[in-house]
Amino acid sequence: MTFSRIAGVGSCLPPRVVTNDELARQLDTSDAWIRERTGIAQRHIADESQSASDLALDASRGALDAAGLAAQDVDLIIVATSTPDFIFPSTACLLQAKLGVKNCPAFDVQAVCSGFVYGLSIADQFIRSGQAKRALVVGAEVFSRIMDWNDRGTCVLFGDGAGAVVLVAGDTPGIHASVLRADGSHAGMLSVPGNVSGGKILGSPYLQMHGQQVFKFAVKVLDEVGREVLAAAGASVADVDWLIPHQANVRILEATARRLGIPSEKVVVTVDRHGNTSAASVPLALDVAVRDGRIRPGHRLLLEGVGGGFTWAAVYLTM
Ligand code: ACO
């Protein structure tokens, strides 16, 4: 039987750091409010010249180096993003060209903040079915582009970045199980409800959110989907070495861990330094914890996403 496992992880953060105090100089907010309600102290913001595919490229190179593979070895590219470079071609195709690769399938996944976990599960299916042997799965976002920087209720929450993994075929898992869920009846809870038509923006180009509804929904489904994926893998909460939930807000992470019964020392937290980087948040957090030596080969990880759609998803894997 063929399984998939993570062979390398990489990430990229734009160099410019924006602190809460810097935001408070332009907006009616404060470092104390943002820290207390969200746990966020700073975020990285891309400059105008950097697109999602640029961040994806740096993260991919890091993951390929860590896996000891060349870009040409990859036979599937999936990019999870809600802030693509263009309407089309896909950011995955642009990344493929920047990597100098040709012919392998390349496509984007649009599941907002669950996108990377969706992409990881899709790549796992490709590898298990024999359609791919070495997949590059990337979460890359420039959410700063869809912020209304005058809306203190949303713009303080998000940041830019990318994270990537190389998933390779092997005889042992790797990925034990994945669960993907969606409920489009909650589309209005978190959205960018605009599009381009006849050369004009119709609707709004900015992120809109019902914060308290999102909070409650996220905690509920992150608990449910975590339990579902562990049951599907025949594992229990006690087996989990590290929980990496989507990094939306420290209070969501704490509430999720509490409901799942996972101690806070086993939760990887990066939202304090990165803000919410949507589809990039899980692979960014994974890369931070791999590179600082917390996550080691053999450790069992529960990765969880939740985001607009609404979508939510979990993967349980052994590194
Ligand atoms: N600075 C100062 N005051 C603020 C700010 C700010 N940045 N933002 C909102 N406020 C004010 C509001 O205007 C309101 O003022 P009022 O009482 O005078 O009307 C007050 O603070 C309380 O606002 P609430 O929205 O009720 O604040 P709440 O405690 O719910 O916190 C927050 C807001 C942090 C957004 C919270 O609802 C939350 O964390 N929700 C989850 C949303 C989230 O994480 N989204 C990420 C995207 S979703 C995802 O990734 C799955």
Side-chain angles (χ1 to χ4, degrees), residues 3-15 17 39-44 55-70 116-117 119-120 123-124 134-140 159-168 170 172-176 226 229-230 233 235-248 250 252-254 256-257 260-277 279-305 314-319:
F3 299 96
S4 73
R5 68 172 178 83
I6 291 178
V9 190
S11 66
C12 168
L13 287 162
V17 171
I40 297 168
Q42 61 170 54
R43 71 286 294 142
H44 291 250
L55 304 181
L57 178 64
D58 270 14
S60 300
R61 285 185 174 142
L64 287 163
D65 279 354
L69 291 173
F116 175 79
V117 182
L120 202 56
D124 177 53
R134 289 169 299 268
L136 181 61
V137 185
V138 188
D160 300 335
V165 302
V166 175
L167 210 59
V168 298
T172 51
I175 293 186
H176 299 279
V229 80
L230 290 173
S236 75
V237 164
D239 295 321
V240 176
D241 293 305
W242 295 102
L243 171 65
I244 308 185
H246 167 50
Q247 307 281 315
V250 162
I252 293 179
L253 302 193
E254 285 169 355
T256 301
L260 280 167
I262 293 178
S264 55
E265 313 83 75
K266 291 186 171 185
V267 185
V268 179
V269 177
T270 50
V271 67
D272 53 333
R273 284 159 290 151
H274 300 171
N276 180 346
T277 57
S281 88
V282 169
L284 261 166
L286 174 62
D287 190 46
V288 166
V290 166
R291 283 175 198 268
D292 70 19
R294 272 179 292 171
I295 294 180
R296 294 191 297 274
H299 279 178
R300 285 154 303 186
L301 273 49
L302 176 55
L303 311 183
E304 297 191 313
V315 167
Y316 180 61
L317 63 90
T318 299
M319 285 297 283

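Fair warning: this is a prediction, and the values are worked out from it, not measured in the lab.
Taking CG of Leu301 as the reference point, atom CE of Met319 lies at 6.0 Å (rounded to 0.5 Å). We find the CD1-CZ distance between Ile175 and Phe3 to be 11.5 Å, quoted to the nearest 0.5 Å. Atoms CD1 and CG, from Ile6 and Leu167 in turn, are 6.5 Å apart once rounded to the nearest 0.5 Å. Taking CD from Glu304 and CG from Leu260, the interatomic distance works out to 5.5 Å, rounded to the nearest 0.5 Å.
Two residues are said to be in side-chain contact when any heavy atoms from C-beta on lie closer than 4.5 Å; Asn276 and His246 meet this criterion. With contacts defined as side-chain heavy-atom distances shorter than 4.5 Å, the pair Val271/Ile40 qualifies. Between Val282 and Leu120 there is no side-chain heavy-atom pair separated by less than 4.5 Å. Counting heavy atoms from C-beta outward, Val240 and Arg300 have side chains that stay 4.5 Å or more apart. You'll find the side chain of Phe116 reaches within 4.5 Å of the side chain of Val165, heavy atoms only. Within the 4.5 Å cutoff, no side-chain heavy atoms of Pro173 are placed close to those of Thr318. Arg134 has its side chain within reach of Val168: a pair of non-hydrogen atoms, C-beta onward, lies under 4.5 Å apart. For the pair His44/Leu284, no side-chain contact is recorded, criterion being any heavy-atom separation below 4.5 Å from C-beta on.
Smallest separation of non-hydrogen atoms from His299 and Arg294: CE1-O, 3.2 Å. For Ala280 against Gly161, the heavy-atom pair with the smallest separation is CB-O, 3.3 Å. Residue Ala257 comes nearest to Val267 through the heavy atom pair CB-CG2, 3.7 Å, listed as atom of the first residue, atom of the second, then distance. Heavy atoms only, all atoms of each residue included: Val250 and Gly39 are closest at CG2-CA, 3.7 Å. The nearest pair of heavy atoms linking Gly8 to Ala66 is CA-CB, 3.8 Å. When all heavy atoms of Val268 and Leu253 are compared, the pair lying nearest together is O-CD1, 4.4 Å.
In this structure, the side chain of Asp58 does not engage the main chain of Cys12 through any donor-acceptor pair within 3.5 Å. Remark: the backbone N or O of Ser281 is not paired with any side-chain donor or acceptor of Gln247 at under 3.5 angstrom. Side-chain N or O atoms of Arg5 include none that pairs as donor or acceptor with a backbone N or O of Leu317 at under 3.5 Å.
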Show your working on side-chain contact (heavy atoms from CB on, under 4.5 Å) between Arg273 and Leu13 and close with a plain yes or no.
CA-CA 11 Å; Arg273 284 159 290 151; Leu13 287 162; over 6 Å; no
